Amino acid sequence: MKIICVGRNYTDHIKELDNSKPKNPVLFLKPDSAIILKNKPFFIPDFSQDIHYELEITVKISRIGKHIQQKFSHKYYDFIGLGVDFTARDLQADLKSKGLPWEKSKAFDGSCFISEWTEKSKFDNIDNINFNLVKNGKTVQDSNSKLMLWKIDELISYISRYFTLKIGDVIFTGTPAGVGKVSIGDNLEGFIERDKIFDLKIK
Ligand code: ZN
């Protein structure tokens, strides 16, 4: 399986990183080796002094598809979850400044946390889901899927123009504002509609 990530999908996050608003979705991939194994913590890697959390709504692909029309996108997923796109921000800034690919800062081992899944049918409207991240007891990211520049069904259609979607692939739909650093000993908790979906330790 593969993990397809969307960058710059919330205006407030684009502003906080001083990036410009893209004309099309920004896409990048993480390999399956980036996934944190079940019940394991996130280990801060030795090559970065500035690892950031990015809480994102995730979508699990349930059907193979290419060139999916937006009106059919909803047939390609049944589950929604949360993910943390861990990013070595110092390394990413260096790579970006040199015009180099981001992979070392975004796709390293452990850079991808994927929560348990919730059935899509539990939500009235996929484009109106509240989600938030609590770090050490304090809310640090709090947003709603309605604030995405490109909504889930638009993303699936767009992504499938470039990458065949396969069963089990996971899409990270981008992070809202409030990204920040993690340190050893931190605890992250993710919520959808105020229900706790995950608990993750930083080591
Ligand atoms: Zn991200």
Side-chain angles (χ1 to χ4, degrees), residues 1-36 42 44-45 47-48 50-61 77 80-96 100-115 129-135 139-152 154-156 158-159 162-163 165 169-182 186 188-192 197-198 200 202:
M1 58 88 74
K2 60 187 172 297
I3 299 130
I4 306 112
C5 301
V6 180
R8 301 182 199 176
N9 202 24
Y10 289 83
T11 306
D12 55 354
H13 173 63
I14 293 171
K15 283 192 193 135
E16 77 180 345
L17 288 192
D18 219 3
N19 283 321
S20 55
K21 196 167 161 175
K23 264 203 290 204
N24 291 304
V26 173
L27 303 181
F28 60 94
L29 301 176
K30 289 180 191 266
D32 58 5
S33 50
I35 297 170
I36 297 177
F42 173 82
I44 293 184
F47 50 77
S48 174
D50 194 22
I51 297 285
H52 278 200
Y53 57 79
E54 293 189 356
L55 181 70
E56 315 200 0
I57 289 181
T58 52
V59 179
K60 189 178 183 180
I61 296 299
Y77 62 102
I80 297 288
L82 290 175
V84 183
D85 166 19
F86 284 103
T87 303
R89 197 69 75 199
D90 44 0
L91 188 50
Q92 187 194 26
D94 183 49
L95 294 166
K96 272 164 81 172
L100 294 170
W102 289 348
E103 273 81 353
K104 286 193 289 182
S105 67
K106 282 279 197 186
F108 59 87
D109 288 357
S111 62
C112 182
F113 171 76
I114 298 172
S115 78
I129 298 175
N130 289 298
F131 64 109
N132 66 292
L133 183 72
V134 171
K135 183 180 127 178
T139 297
V140 288
Q141 289 191 284
D142 194 355
S143 194
N144 186 294
S145 59
K146 71 180 174 208
L147 298 174
M148 291 181 187
L149 293 174
W150 289 278
K151 304 293 187 290
I152 290 172
E154 288 177 276
L155 289 172
I156 287 176
Y158 184 80
I159 289 167
Y162 298 88
F163 307 111
L165 291 173
D169 286 352
V170 174
I171 298 174
F172 273 61
T173 57
T175 195
V179 300
K181 189 174 176 171
V182 287
D186 283 349
L188 302 179
E189 296 165 286
F191 296 79
I192 294 184
I197 302 292
F198 73 80
L200 179 65
I202 307 298

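Keep in mind the model is a prediction, meaning the values are calculated, not measured. Counting starts at 1 for both ligands and their atoms, following the listed order.
- Its N, O or S atom nearest to the Zn ion (ligand 1) is what matters here, and for Glu54 that atom is OE1.
- Between Asp186 and Lys181 there is no salt bridge, since no side-chain nitrogen of the basic residue lies less than 4.0 Å from a carboxylate oxygen of the acidic one.
- The atom name of the N/O/S atom in Asp85 closest to the Zn ion (ligand 1) is OD2.
- Between the Zn ion (ligand 1) and the N, O or S atoms of Glu56, the shortest distance is to OE2.
- Aromatic rings from Phe113 and Phe42 are positioned such that their centres are separated by 6.0 Å or more.
- When all heavy atoms of Thr173 and Ile57 are compared, the closest pair comes out as OG1-O, 2.6 Å.
- Using the six-membered ring where Trp is involved, Phe47 and Phe108 have ring planes that are perpendicular, over 60° apart on the 30 and 60° scheme.
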